[in-house]
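Okay, structure first, notes after.
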Amino acid sequence: MIPAAWEPYQRPDDGEHVGYLRPDGDLVVPCTLLGTDLSGPLERDDAETVLEDVGLSYLAETWLLLDDDGTQRRVVLVEVDAARAVVADAGSALVVGAPADERGRREVALPTDRLRLR
């Protein structure tokens, strides 16, 4: 679960939740909805600019999931909320009608360091 101390950030123009501001001393770290850092610690205005510039584009990207055994697999995001992300193997995510387990779907608790942008 995303920690309560992390401030949800909504774009001012449309109110869309695009990420979080994670406290880091007197600074904040802009984070994705997955809890992954978008940069190092910044002044609040600069962190907000990073979140606005990135928006939600990362949701459509292919990610690398680090499995428990250390292997990496290419995945796409299927669903994201404050507690978890549902990912599917990138090569099988769009197999219509296949049972969920055949699509390589798995849940990842958030925030996580197991997901990285490719």
Side-chain angles (χ1 to χ4, degrees):
M1 179 67 105
I2 297 293
W6 293 21
E7 181 184 343
Y9 182 76
Q10 287 85 22
R11 282 188 298 226
D13 59 339
D14 64 3
E16 184 71 33
H17 180 204
V18 296
Y20 296 94
L21 297 170
R22 177 173 53 82
D24 189 324
D26 292 337
L27 304 173
V28 294
V29 176
C31 299
T32 67
L33 294 175
L34 303 168
T36 56
D37 295 355
L38 290 170
S39 77
L42 300 169
E43 296 290 334
R44 183 181 181 85
D45 288 346
D46 294 331
E48 289 176 356
T49 298
V50 168
L51 286 169
E52 290 172 23
D53 288 347
V54 171
L56 295 172
S57 61
Y58 59 86
L59 293 176
E61 298 293 328
T62 301
W63 290 72
L64 290 176
L65 173 66
L66 180 63
D67 281 333
D68 293 334
D69 64 2
T71 60
Q72 293 183 354
R73 68 179 66 239
R74 293 177 52 234
V75 297
V76 293
L77 300 171
V78 176
E79 183 180 339
V80 177
D81 62 34
R84 66 178 176 59
V86 177
V87 299
D89 289 340
S92 61
L94 302 176
V95 178
V96 177
D101 60 339
E102 290 181 19
R103 295 181 200 156
R105 287 190 183 202
R106 55 189 50 81
E107 288 188 14
V108 179
L110 299 180
T112 185
D113 60 357
R114 293 180 53 210
L115 284 168
R116 295 184 182 92
L117 275 172
R118 275 190 33 139

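Note that the structure is a prediction, hence the values are computed from the model and not measured.
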Exercise. Could you give me the CA-CA distance, side-chain angles and deciding distance for Arg106 and Asp67, then say whether side-chain contact (heavy atoms from CB on, under 4.5 Å) is met?
Key: CA-CA 10 Å; Arg106 55 189 50 81; Asp67 281 333; 4.2 Å; yes
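- Applying the side chain to side chain contact (heavy atoms under 4.5 Å, CB included) rule to Asp13 yields the partners Arg11; only residues at least two apart in sequence or on another chain are considered.
- Atoms CD1 and OG1, from Ile2 and Thr32 in turn, are 7.5 Å apart once rounded to the nearest 0.5 Å.
- Residues Thr112 and Val108 share a closest heavy-atom pair of OG1-CG1, 3.6 Å.
- The heavy-atom pair separating Leu38 from Cys31 by the smallest distance is CD1-C, 4.2 Å.
- Sequence neighbours left out, the pairs with a member in residues 52-62 that pass side-chain hydrogen bond (donor to acceptor under 3.5 Å, both in side chains) are Tyr9-Glu52.
- Shown here are the side chain to side chain contact (heavy atoms under 4.5 Å, CB included) partners of Arg116, two or more places apart in sequence or in another chain: Leu66.
- Of all non-hydrogen atoms in Leu115 and Thr36, the two that sit nearest each other are O-CG2, 3.7 Å.
- Partners of Glu7 according to the side-chain hydrogen bond (donor to acceptor under 3.5 Å, both in side chains) rule, which considers only residues two or more places apart in sequence or in another chain, are Arg44.
- Clustering ILVMFWY residues whenever any of their side-chain heavy atoms sit less than 4.5 angstrom apart, transitively, puts Val29 in a cluster other than the one holding Trp6.
- The shortest non-hydrogen separation linking Leu56 to His17 is CD2-O, 3.7 Å.
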Cut-off 3.5 Å, no hydrogens considered: what does the side-chain donor-acceptor table look like for residues 19-26, sequence neighbours left out?
residue : atom : partner : partner atom : Å
Arg22   : NH2  : Asp37   : OD1          : 3.0
Arg22   : NH2  : Asp37   : OD2          : 2.9

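- Follow the hydrophobic side-chain contacts under 4.5 Å out from Leu27 and you never reach Val54; the two are in separate clusters.
- With sequence neighbours excluded, no residue forms a salt bridge (charged side-chain N to carboxylate O under 4.0 Å, His left out) with Glu43.
- Across Pro30 and Leu51, no two heavy atoms sit closer than the pair CB-CG, 3.8 Å.
- Leu59 and Leu117 end up in the same hydrophobic cluster when Ile, Leu, Val, Met, Phe, Trp and Tyr side chains are linked at under 4.5 Å.
- Under the side chain to side chain contact (heavy atoms under 4.5 Å, CB included) criterion, Ala60 pairs with no residue at all, not counting sequence neighbours.
- By the salt bridge (charged side-chain N to carboxylate O under 4.0 Å, His left out) test, Arg74 pairs with no residue at all, sequence neighbours left out.
- Residues Pro111 and Met1 approach most closely at CD-O, 3.4 Å, considering heavy atoms.
- Between atom CZ of residue Arg84 and atom CD of residue Glu79 there is a gap of 4.0 Å, rounded to the nearest 0.5 Å.
- Interatomic distance, Arg73 CZ to Asp89 CG, rounded to the nearest 0.5 Å: 5.0 Å.
- Here the CG-CG distance, from Leu110 to Asp81, works out to 7.0 Å after rounding to the nearest 0.5 Å.
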Quiz prompt | Evaluation steps, side-chain contact (heavy atoms from CB on, under 4.5 Å), between Leu42 and Glu48 | solution = CA-CA 9 Å; Leu42 300 169; Glu48 289 176 356; over 6 Å; no
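- For Asp69, the side-chain hydrogen bond (donor to acceptor under 3.5 Å, both in side chains) test picks out Thr71, with sequence neighbours left out.
- When the side-chain hydrogen bond (donor to acceptor under 3.5 Å, both in side chains) test is applied to Glu16, no partner is found at least two apart in sequence or on another chain.
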